Amino acid sequence: MHRDIQLNQWNAICPLERIVPDTGVCALLNGRQVAVFRVGAESPRLFAIDNYDPNSHAAVLSRGLIGSIGERVVVASPIYKQHFDLRTGECLEVPQHSVSSYPVRVQDGQVWVGA
């Protein structure tokens with residue numbers, strides 16, 4: 001579920017260079033943990049979803065392994081290995097445990113997340 005935001009609600013996270021390619025970092029936005037992922041090195045794609053894994057009840061998704069299932073870019077939770085679509089936040093194995101996704105952009109080398 002993608003959150004509806006207004007453009008004045010963008011939050012600076014960190015410089016893009018601080019996110020190692022094909023990994024995630026955790027950011028605190030308005031009291032909520034958000035996992036921000038950088039996929040690829042040359043022309044990176046950025047994604048953001050909730051960091052909280054509703055299957056394990058732990059804030060761990062930013063530490064998961066990034067991969068793909070078909071056309072979907074996913075992160076596998078490090079606890080029970082459920083896959084979350086990085087575009088939508090959908091949990092592929094247990095859709096009722098899906099998480100929110102957030103818009104991400106890079107401006108002047110800085111990563112911004114809308115929340």
Side-chain angles (χ1 to χ4, degrees):
M1 77 182 94
H2 198 63
R3 294 191 171 248
D4 293 324
I5 65 155
Q6 297 175 354
L7 291 179
N8 62 353
Q9 294 177 310
W10 289 96
N11 300 275
I13 302 302
C14 66
L16 177 62
E17 66 190 29
R18 290 213 181 151
I19 305 175
V20 175
D22 300 316
T23 68
V25 298
C26 182
L28 189 61
L29 299 180
N30 303 321
R32 183 181 197 114
Q33 288 188 31
V34 175
V36 181
F37 299 93
R38 176 181 176 175
V39 179
E42 295 298 317
S43 298
R45 293 177 292 158
L46 297 168
F47 303 94
I49 62 174
D50 286 331
N51 192 45
Y52 179 76
D53 176 0
N55 299 291
S56 66
H57 304 285
V60 295
L61 292 181
S62 63
R63 295 177 181 214
L65 295 175
I66 297 171
S68 62
I69 296 178
E71 298 293 317
R72 297 175 115 170
V73 180
V74 298
V75 62
S77 173
I79 308 275
Y80 296 127
K81 311 301 184 238
Q82 282 92 357
H83 298 91
F84 292 85
D85 185 311
L86 290 181
R87 287 183 183 91
T88 66
E90 180 184 3
C91 179
L92 303 186
E93 292 81 8
V94 189
Q96 64 269 29
H97 286 181
S98 297
V99 298
S100 294
S101 64
Y102 303 87
V104 185
R105 69 180 185 198
V106 176
Q107 184 175 353
D108 299 324
Q110 180 78 20
V111 176
W112 295 79
V113 174

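These numbers were taken from a predicted model, which means no experiment stands behind them. All residue numbers in this chain count up from 1 along the given sequence.
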Taking the side chain as every heavy atom from C-beta outward, state whether [X] and [Y] have any pair of such atoms under 4.5 Å apart.
{"X": "L46", "Y": "V113", "answer": "no"}
{"X": "V75", "Y": "I49", "answer": "yes"}
{"X": "F84", "Y": "P54", "answer": "yes"}

Just verifying a value: how many Å separate I66 CD1 and L86 CG, rounded to the nearest 0.5 Å? 6.0 Å

Measuring from atom CG of N55 to atom OG of S77, what distance do you get when rounded to the nearest 0.5 angstrom? 7.0 Å

Determine whether more than 12 heavy atoms belonging to other residues, nucleotides or ligands lie under 6.0 Å from atom [atom1] of [X].
{"X": "E71", "atom1": "CD", "value": "no"}
{"X": "R63", "atom1": "CZ", "value": "no"}
{"X": "I69", "atom1": "CD1", "value": "yes"}

Would the distance check show the side chain of [X] and the main-chain N or O of [Y] forming a donor-acceptor pair, the cut-off being under 3.5 Å?
{"X": "R38", "Y": "L16", "result": "yes"}
{"X": "D50", "Y": "S100", "result": "yes"}
{"X": "N51", "Y": "S62", "result": "yes"}

Can R72 and H83 be said to form a side chain to side chain contact (heavy atoms under 4.5 Å, CB included), step by step? CA-CA 10 Å; R72 297 175 115 170; H83 298 91; over 6 Å; no

Which heavy atom of A12 sits nearest a heavy atom of Q110, and at what distance?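 Taking A12 first and Q110 second, the nearest heavy atoms are CB-NE2, 3.6 Å.
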
If every non-hydrogen atom of R87 is compared with every non-hydrogen atom of F47, which pair is closest and at what distance? CG-CE2, 3.6 Å

